[in-house]
A.B. asks: 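Below is a structure I'd like to ask you about.
What's counted below: heavy atoms across the whole structure, side chains too, no hydrogens, waters or symmetry copies. Keep in mind it's a predicted model, so treat the numbers as computed, not measured. Ligands are counted one by one from 1 in listed order, and the atoms in each one are counted from 1 as well.
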Amino acid sequence: MHELVGALRSYAWGSRTALARLCGRPVPSAHPEAELWFGAHPADPAHVKTAVGTTSLLELVAANPHRELGAAAPEFGDKLPFLLKILAAEEPLSLQAHPSATQARAGFERENRARVPLDSPMRNYRDENHKPELVVALDRFEALAGFREPHRTVELFRALEVPELTSYTEMLASQPDSAGLRTLFTTWITLPQPVLATLLPAVLDGCVRYLSGKGKRGFTLEARTALELAEAYPGDAGVLAALLLNRVTLEPGQGLFLDAGNLHAYLRGLGVEIMANSDNVLRGGLTPKHVDVPELLRVLDFEPIDLPVVLPEPAGDGSVRYKTPAPEFALRRFDLIEGSGQVPLTAAGPGIVLCTAGTVRLLQDGAELLVGRGGAAWISAADSDIRAQAVDGPAQLFCACLGAGS
Ligand SMILES: [Zn+2]
């Protein structure tokens with residue numbers, strides 16, 4: 001096991017307080033801090049501290065994939081198949097979806113044939129992988145994820161009492177299924193500018209009236225979110241599209257799983273995120289970045305879903321696990337109580353142990369490693385019998401390793 005130092009990513013939507021506070025640095029930070037990456041992603045790998053110096057996790061794995069990743073190495077092309085992050089969103093992220101593995105392979109090939117450079121901002125497919133994602137809330141985490149049951153969306157539209165919305169409401173009411181959602185979403189995301197310029201302000205006015213009105217307020221969060229998105233991205237058709245999605249609030253410890261085709265946007269909050277090591281993102285708005293609507297429409301899953309919330313389940317070893325079908329990763333959480341002794345981290349390697357609260361002492365044979373908040377350790381496939389102990393109060397650990405399929 002080795003200490004692993006994460007790579008800090010600064011994006012405009014990040015927070016100047018959440019990550020700095022978690023890691024015990026002064027607040028506010030000089031720049032908005034959005035993500036702390038723990039992985040072997042070529043764009044920004046984490047760094048491993050060894051007895052002979054510091055090296056990137058990317059180089060460490062590449063130098064000896066079998067030793068670091070074990071027997072599963074060939075299945076994942078001798079690369080660490082997941083990326084673990086702490087994510088701190090102060091502002092909404094773009095409306096997006098990720099392709100399935102089949103769609104990613106085809107799209108990557110198509111763009112290669114069309115000679116779109118790999119680093120071009122116009123590129124949709126930067127690799128051949130799908131990108132299932134799981135985010136676990138560290139504090140309250142707000143998001144939009146998956147298409148809401150159409151009947152409920154019709155109720156929302158009627159509650160807003162916007163005459164300009166009536167024809168669209170009736171469109172969905174007459175076909176309250178995935179085909180109706182596809183039609184309405186496609187219409188809205190491709191609205192001619194003059195139509196959008198009338199419809200969007202009318203809907204936003206409806207939201208304001210709804211929020212200031214009396215009576216039963218079943219859609220308060222939805223209306224407030226539309227107004228917030230419109231403030232961050234004025235005139236963006238993605239604000240209308242967002243009204244079709246489930247509004248999700250995760251309490252600390254709850255997870256959200258985003259499989260291929262799920263249209264989603266993180267709104268705000270601090271969380272631990274794990275995903276397959278891919279950059280394949282198709283955006284539908286709420287971003288200054290490249291938006292490719294036809295390609296997005298090709299990968300979107302319009303089947304309405306309930307909230308894709310993943311509740312932690314006891315794993316039988318003192319941890320809880322967040323079950324997903326992803327073969328690239330599995331995520332468990334240990335809540336350690338001071339004085340409870342040494343807890344064995346079963347099957348921790350190959351993988352990453354990340355501390356999100358308190359301080360943890362990791363022990364192996366005679367060696368020990370202290371990991372504080374925002375700190376992590378790389379556990380290779382060759383490492384066995386790792387134990388963890390809370391130091392000076394309770395502590396929380398996330399263990400990221402390969403998925404059940406591997
Ligand atoms: Zn995503």
Side-chain angles (χ1 to χ4, degrees), residues 9 11-14 34-39 41 43-44 81-101 103-104 107-108 121 123-138 141-147 185 189 225 229 232-233 236 238 241-242 244-248 250 254-293 295-302 305 307-310 322 324-326 328-329 331 400:
R9 311 277 294 177
Y11 303 125
W13 50 261
E35 297 181 337
L36 191 55
W37 284 16
F38 297 92
H41 196 284
D44 216 344
F82 65 78
L83 175 60
L84 179 72
K85 299 173 177 179
I86 303 178
L87 178 141
E90 185 82 36
E91 302 279 340
L93 278 71
S94 61
L95 192 63
Q96 57 181 251
H98 308 292
S100 69
Q103 290 162 340
F108 186 68
R123 185 107 192 179
N124 290 317
Y125 296 97
R126 292 171 197 278
D127 53 68
E128 296 178 286
N129 298 331
H130 66 165
K131 194 187 180 221
E133 298 176 333
L134 167 72
V135 64
V136 174
L138 290 178
F141 196 93
E142 313 278 359
L144 296 165
F147 287 95
F185 178 83
I189 209 76
T225 299
L229 291 174
Y233 299 98
D236 194 315
L244 302 174
L245 303 183
N246 289 303
R247 178 66 172 73
V248 188
L250 298 178
Q254 295 182 333
L256 182 69
F257 179 64
L258 303 158
D259 210 347
N262 180 313
L263 187 63
H264 58 278
Y266 294 158
L267 299 173
R268 78 182 75 81
L270 181 69
V272 168
E273 192 184 26
I274 189 163
M275 63 193 66
N277 212 358
S278 165
D279 268 339
N280 290 329
V281 182
L282 295 151
R283 298 182 185 85
L286 309 181
T287 178
K289 289 186 188 169
H290 174 57
V291 171
D292 184 338
V293 170
E295 193 57 30
L296 176 72
L297 291 172
R298 217 183 310 200
V299 308
L300 274 190
D301 183 353
F302 288 94
I305 56 168
L307 306 186
V309 171
V310 184
Y322 296 88
T324 79
E328 287 87 356
F329 60 77
L331 191 67

A.B. asks: Can you see which heavy atom on H130 is nearest to which on S278, and at what distance?
C.D. replies: O-CB, 3.4 Å
A.B. asks: Nearest N/O/S atom of E133 with respect to the Zn ion (ligand 1), by atom name, please.
C.D. replies: OE1
A.B. asks: Checking F185 against L297 for the side chain to side chain contact (heavy atoms under 4.5 Å, CB included) test, could you report, in this order, the C-alpha distance in whole Å, the side-chain angles of both residues, the deciding distance, and whether it holds?
C.D. replies: CA-CA 9 Å; F185 178 83; L297 291 172; 3.6 Å; yes
A.B. asks: Strictly distance-based, threshold 3.5 Å: is any side-chain N or O of N246 a donor or acceptor partner for the main-chain N or O of V248?
C.D. replies: no
A.B. asks: Taking the Zn ion (ligand 1) as the vertex, measure the angle between atom NE2 in H98 and atom NE2 in H264; round to 10°.
C.D. replies: 100°
A.B. asks: Side chains of D127 and N280: any donor to acceptor distance under 3.5 Å?
C.D. replies: yes
A.B. asks: Looking at the Zn ion (ligand 1), is there an N, O or S atom belonging to Q96 that lies under 2.8 Å away from it?
C.D. replies: yes
